[in-house]
Amino acid sequence: MSAPVKLAYSACPHDCPSTCALEVEVLTPERIGRVRGAKDNSYTDGVICAKVARYAERVHHPDRLMHPMIRTGPKGSGEFRQATWDEAMTMAVEGIQAADREFGTESVWPYFYAGTMGLVMRDGINRLRHSMGYSQMHSTFCVSMAFAGFVVGTGKLAGADPREMAKSDCVVIWGTNAVNTQVNVMTHAMKARKERGAKIVAIDVYRNGTIDQADMGLVLRPGSDGALACAVMHVLFRDGHADREYLAQYADDPAGLEAHLQTRTPEWAAGITGLSVEEIEAFATLVGTTPRTFFRLGYGFTRGRNGAVNMHAASCIAAVTGCWKHEGGGAFHNNGAIYNWDRTLIEGLDAKRRHTRILDQSRIGQILAGDADALKGGPPVKALFIQNTNPMMVAPDLSRVHAGFAREDLFTVVHEQFMTDTAKMADVVLPATMFLEHTDIYQGGGHQHVLLGPRAIEVPGECRSNHDVICDLARRLGAEHRGFDMTVEEIIDETLKASGLPDFETLKSSRWIDVQPDFETSHYLKGFGHADGKFHFKADWTTAMPRGFGPKGVPDDMPTFPDYWGREDKATAEHPFRMATSPARSFLNSSFTETAGSKKKEGRPAVKLHPLDAEKLGVTNGDLVRLSNRNGATRIHVECFDGVQQGIVIVESVWPNQAFVDGIGINVLTSAEPGAPVGGGLFHDTAVNIEKA
Ligand SMILES: Nc1nc2c(c(=O)[nH]1)N[C@H]1C(S)=C(S)[C@@H](COP(=O)(O)OP(=O)(O)OC[C@H]3O[C@@H](n4cnc5c(=O)[nH]c(N)nc54)[C@H](O)[C@@H]3O)O[C@H]1N2
Ligand SMILES: Nc1nc2c(c(=O)[nH]1)N[C@H]1C(S)=C(S)[C@@H](COP(=O)(O)OP(=O)(O)OC[C@H]3O[C@@H](n4cnc5c(=O)[nH]c(N)nc54)[C@H](O)[C@@H]3O)O[C@H]1N2
Ligand code: SF4
Ligand SMILES: [Mo]
């Protein structure tokens, strides 16, 4: 018998609401084997996705960056030479200081997102930013519209315990392709089906893996969810399924809502959504007659111009039926507000300067192009320091982004695990550790655990963690904050205690802490999060945002009551198709596009096109077509697919630019217009023209 394999405990660091508790086989001090989900974590329940189960492929990838590099060829050429850390950091500091000297501190923009969700490694960059007075960043890639739309109704970014899905009689998976993006939603929903005969409803713009698993699949037009939600509520009031007693106690204006919905009939919604009246009636009757209905509201249906309105509208249904009263009922989007983190130390909030400008992450193309409005009237951005994100692939309006990164007068430092499309544009590239090579803490957005991910293996090559690089940069730049002199463990310990949680050692022995509030709080039975304790059918878009979400721009015609807000990028004669860029199963945003296992599963970029549309265009499977609109164009192969409505096309995933024939990815078509009311990426809201290439 061979020796028992050593197991390390960790947490998945990726930008996925599941934040799985992991068990990692440690084969040698440097090598891992299989990765599994922890069985004794009540949310993870022993299940993780396939791409992380094969994580050895990513940690031990032959292409991992191992040494600092300095660019020798033209920007983007990929020509670099190896350098020492000291040489690379000296150059980084000189570039940043040169920008600062000539154009002021705001010309330096530390830029990051959620490549790791570890609190120290993700957010520590803000400590450097604030202590130096560099430009701030408004995070809009992902959650801004979804959070705004949920919080405007409930008053709080929290909801029913997602594990309660297993006790539901109907689970509505709305605008999230959970089979691809957060497999644990399916674990709990499937338990309900197996044990209680629960019905699963999935609502999406194409027949994907989640719809395949559902008892009822609604495939509607992108951006039309507000119409569906209103028609459902119309039927609920009409047929006596509205819980009037609950509404009188818990909602702001049920009478006003009922009157408003008079004209929002299933016939009206059918015209907007492309669903049949029968489908809408059947869905409404199901949720109206099933007290324990759980609404699992995702991100996907908020990535459009009317996204926040659609989220609010969907969340209103749970208030109309009063399903919040029941175990296994209610709504859930994200649990951000159950964690009472004190972020002062990690983010250096005590050093924050109030008047420093805040730049929108999704508008990086405009910002680098010198657009005065995007720059908030301030100086140009002359130096970028990037961790945890790959904007050359994932940001909207890619042609501007590419042109911006190519600017000769822009100095760019990228700290990365791989030579990504963004790293290729850098002057200095620094090699980063992966989560198993450093220690951090994590919070589950889609559940209720704080988890510890302790370092499990040796650091390969000359890789350094984000914390180490930030602290070194701070020393060299003369940034002052006590956090720069602390170890990760010390920061975690102090942060846990300041946040009312057990200390580092306690977390280390328990691996995770379950911080789910009690049933009455989670179900808002003591009142919703607004000052009046009510659920708000009447949305006040000017106020309802979670802390720290910054700029608001509320258009005059943004609806107050839930509605269909016809703001989406509509099909026109010039751009007759509407495109969503839904996530692929084996990639996670721009991550895993480098691993062989994931690449093999995903093949190549393709546009899913209805067979009748393909016929009209005179194309078939495997043909190249050109997708174009005002922002740009790119060519892609056709995959005929009858799981979409005619006129709707799906391109799964953000691929590396070079995976496309023209060397530019799908976000060349995505608009960088900020979504209302707080900004946000419009990744699933793009009108395009398609022609045979
Ligand atoms: N077309 C289209 N575009 C989209 C989307 C879409 O659905 N369609 N989705 C959008 C959404 S929701 C998001 S969140 C964004 C995300 O897009 P990205 O920010 O690119 O997402 P990730 O793949 O999570 O991570 C980015 C990088 O972080 C690096 N990284 C991971 N851990 C560490 C670390 O510890 N240190 C350092 N220095 N680097 C690390 C990884 O190697 C990876 O290259 O994309 C957006 N873009
Ligand atoms: N495998 C995998 N897992 C991931 C990611 C990934 O890229 N790949 N990304 C991670 C990240 S950063 C995030 S934020 C989460 C996001 O996870 P989700 O909440 O699932 O959100 P999206 O991935 O944007 O899209 C989900 C679904 O919304 C659909 N959709 C698009 N427009 C509409 C619409 O108007 N109405 C409706 N009803 N549906 C619509 C899309 O077709 C897609 O199937 O997933 C995370 N997990
Ligand atoms: S499901 Fe999400 S959190 Fe869990 S292992 Fe996969 S990527 Fe990580
Ligand atoms: Mo995201």
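Start at 1 and go down the list; that is how both ligands and their atoms are numbered.
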Colleague: Between ligand 1 and M117, can you find any atom pair, the residue atom being a heavy atom, that is separated by under 4.0 Å?
Modeller: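 For ligand 1, residue contact (heavy atoms, under 4.0 Å) with M117 is absent.
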Colleague: Select one of side chain, backbone, both or neither to describe which atoms of S590 lie under 4.0 Å from any atom of ligand 1, heavy atoms only.
Modeller: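 Both parts.
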Colleague: For ligand 1 and E416, I'd like to know whether there is a polar contact (N/O to N/O, distance under 3.5 Å).
Modeller: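 Right, the criterion is met.
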Colleague: Regarding ligand 1, does T670 bring an N or O atom to under 3.5 Å of one of the ligand's N or O atoms?
Modeller: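 Such a contact does not occur with ligand 1.
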Colleague: Quick one: does ligand 1 sit under 4.0 Å from the side chain of D15, the backbone, both or neither, non-hydrogen atoms only?
Modeller: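 Within the 4.0 Å criterion, D15 contacts ligand 1 through side-chain atoms alone.
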Colleague: Where does H684 meet ligand 1, judged by heavy-atom distances below 4.0 Å: at the side chain, the backbone, both, or neither?
Modeller: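 Side chain only; the backbone of H684 stays clear of ligand 1.
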Colleague: At under 4.0 Å between heavy atoms, is it the side chain or the backbone of T44 that contacts ligand 3, or both, or neither?
Modeller: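 Neither part.
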Colleague: At under 4.0 Å between heavy atoms, which part of T116 makes contact with ligand 1: side chain, backbone, both or neither?
Modeller: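 Near ligand 1, T116 shows its backbone as well as its side chain.
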Colleague: Among all protein heavy atoms, pick the one closest to atom 4 (Fe) of ligand 3 and tell me residue, atom and distance.
Modeller: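 In this structure, atom 4 (Fe) of ligand 3 has C20 SG, 2.3 Å as its nearest protein heavy atom.
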Colleague: Which ligand 3 atoms are under 4.0 Å away from a heavy-atom of C12?
Modeller: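 Reading through ligand 3 atom by atom, the close ones are 3 (S), 5 (S), 7 (S), 8 (Fe).
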Colleague: Using a 4.0 Å heavy-atom threshold (strictly under), name the region of N466 that reaches ligand 1: side chain, backbone, both or neither.
Modeller: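 Just the side chain.
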Colleague: Tell me whether the guanidinium CZ or amine NZ of R58 lies under 6.0 angstrom from the six-membered ring centre of F592 and within 45° of its axis.
Modeller: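 Checked: cation-pi criterion met.
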Colleague: Quick check: does Y113 get an N/O under 3.5 Å from an N/O on ligand 1?
Modeller: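 Between Y113 and ligand 1, no N or O pair is found under 3.5 Å apart.
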Colleague: So that I can check it, does any N, O or S atom in H14 come closer than 2.8 Å to atom 2 (Fe) of ligand 3?
Modeller: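 No N, O or S atom of H14 is closer than 2.8 Å to atom 2 (Fe) of ligand 3, so no.
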Colleague: Below 4.0 angstrom from a heavy atom of V183, which ligand 3 atoms are there? Numbered from 1 as shown, please.
Modeller: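 With V183 as reference, the close atoms of ligand 3 come out as 1 (S).
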Colleague: If the contact criterion is a heavy-atom separation under 4.0 Å, does L430 count as touching ligand 1?
Modeller: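 In this structure, L430 fails to qualify as a contact of ligand 1 - no heavy atom is under 4.0 Å.
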Colleague: Does R58, backbone or side chain, put an N or O under 3.5 Å from an N or O of ligand 1?
Modeller: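 In this structure, R58 places an N or O atom under 3.5 Å from an N or O of ligand 1.
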Colleague: Would you mind telling me which of T389, N390, T412 makes a side-chain hydrogen bond (donor to acceptor under 3.5 Å, both in side chains) with T422?
Modeller: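 The residue from T389, N390, T412 that satisfies side-chain hydrogen bond (donor to acceptor under 3.5 Å, both in side chains) with T422 turns out to be N390.
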Colleague: Please check if any side-chain donor atom of N184 sits under 3.5 Å from a side-chain acceptor atom of S18, or the reverse.
Modeller: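 Per modelled atom types, N184 and S18 side chains form a pair under 3.5 Å.
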Colleague: Tell me whether ligand 1 is touched by M434 - counting only heavy atoms on the residue side and a distance under 4.0 Å.
Modeller: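 Outside the 4.0 Å threshold, so no.
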Colleague: Is ligand 1 under 4.0 Å from a heavy atom in the side chain of M121, in the backbone, in both, or in neither?
Modeller: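 None of M121 does.
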Colleague: Please work out whether any backbone atom (N, CA, C, O) or any side-chain heavy atom from C-beta onward of V394 is under 4.0 Å from ligand 1, and answer side chain, backbone, both or neither.
Modeller: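 Both backbone and side chain.
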Colleague: Going by the order shown, which atoms of ligand 3 are within less than 4.0 Å of some heavy atom of V52?
Modeller: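 Those qualifying, in numeric order: 5 (S), 6 (Fe), 7 (S), 8 (Fe).
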